[in-house]
Amino acid sequence: MRERVVEVVHDVPEGAVTTYGDIAAVVGTGARQVGRIMSEGDAAWPWWRVTNAAGRLPEHLQVEALAAYREEGTPIRGDHADLRRARWRPGFDE
DNA sequence: AAGGTGACTGGCC
DNA sequence: AGGCCAGCCACCT
């Protein structure tokens with residue numbers, strides 16, 4: 001289960017983001033599970049490309065995530081990723 | 001086995 | 001936009 005989530009996270013292209021819910025739908029589990037797995041992940045994978053339905057991440061990661069977005073050109077609106085423009089749906093192109 | 005918990009969500013107000 | 005709420009599902013007491 002955890003491996004499937006990690007796999008999808010690695011498929012998210014630069015400059016785009018996807019949501020817990022989207023990943024959950026693809027791997028067949030609940031969004032909270034994806035979140036739980038993310039919380040156990042390490043810095044080696046692009047965790048910042050996975051946000052909640054509002055395009056946000058927990059407080060302690062927001063700053064780092066925003067920095068990453070600016071670096072790879074992810075559309076940002078205020079203090080969160082602009083999902084309307086940056087959202088990428090797993091399975092759509094694979 | 002039973003109940004609590006959380007990087008969540010969609011519906012309603 | 002922001003808050004509340006009932007579902008949600010795997011993991012931890």
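What you see is a predicted model, and the numbers here were worked out from it, not measured in a lab. Chain A is the first sequence line, chain B the second, and so forth, proteins listed ahead of strands; every chain is numbered from 1.
- A straight line from CG of A:Leu57 to P of B:dT9 spans 11 Å, rounded to a whole angstrom.
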Stepwise salt bridge (charged side-chain N to carboxylate O under 4.0 Å, His left out) check, A:Arg56 with A:Asp79: CA-CA 8 Å; A:Arg56 309 179 141 234; A:Asp79 62 342; 2.7 Å; yes
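- Following rounding to the nearest Å, A:Met38 (CE) and B:dT9 (P) show an atom-to-atom distance of 12 Å.
- When distances run from any side-chain atom of A:Arg32 to the nucleotides B:dA7, C:dC8, C:dC11, the shortest one goes to C:dC8.
- Distance, A:Leu83 CG to B:dG10 C1': 15 Å, rounded to whole Å.
- Here C:dC11 is the nucleotide among B:dC8, B:dA7, C:dC11 with the atom lying nearest to any side-chain atom of A:Arg36.
- Of the inter-residue distances, the one linking A:Asn52 atom CG with A:Met38 atom CE reads 11.5 Å to the nearest 0.5 angstrom.
- Scanning both residues, A:Val27 and A:Arg4, for their nearest heavy atoms gives O-NH1, 3.4 Å.
- Mapped onto DNA chain B by nearest heavy atom, A:Asp22 and A:Gln33 fall at different nucleotides, with A:Gln33 at the one closer to the 5' end.
- Comparing B:dA7, B:dT9, C:dA10 by their nearest atom to the side chain of A:Thr29 picks out C:dA10.
- Closest heavy-atom contact between A:Tyr20 and A:Ala31: CB-O, 4.0 Å.
- Using a 4.0 Å heavy-atom cutoff across all strands shown, A:Leu61 reaches at least one base atom of the nucleic acid.
- The CG atom of A:Asp82 sits 4.5 Å away from atom CZ of A:Arg85, with the distance rounded to the nearest 0.5 Å.
- Out of C:dC11, C:dA10, B:dC8, the shortest distance to the side chain of A:Asn52 is found at B:dC8.
- Among the atoms of the strands shown, base atoms are found under 4.0 Å from some heavy atom of A:Gly35.
- Distance CD/A:Glu64 to CG/A:Leu57: 10.0 Å, rounded to 0.5 Å.
- Within a 6.0 Å radius of CD in A:Glu40, more than 12 heavy atoms belonging to other residues, nucleotides or ligands are found.
- In this structure, A:Ile23 places its CD1 atom 10 Å from P of B:dT9, rounding to the nearest Å.
- Between A:Met1 atom CE and C:dC11 atom P there is a gap of 9 Å when expressed in whole angstrom units.
- Put simply, CZ on A:Arg2 is 13 Å from C1' on B:dA7, counting in whole angstrom units.
- Consecutive Watson-Crick or G-U pairs involving DNA chain C, each under 3.5 Å on both distances, make up stems of three or more pairs at B:2-6 with C:9-13, B:8-13 with C:2-7.
- In this structure, OH of A:Tyr20 is placed 14 Å from P of B:dG10, rounded to the nearest angstrom.
- The distance between atom CD of A:Glu40 and atom P of C:dA10, rounded to the nearest whole Å, is 14 Å.
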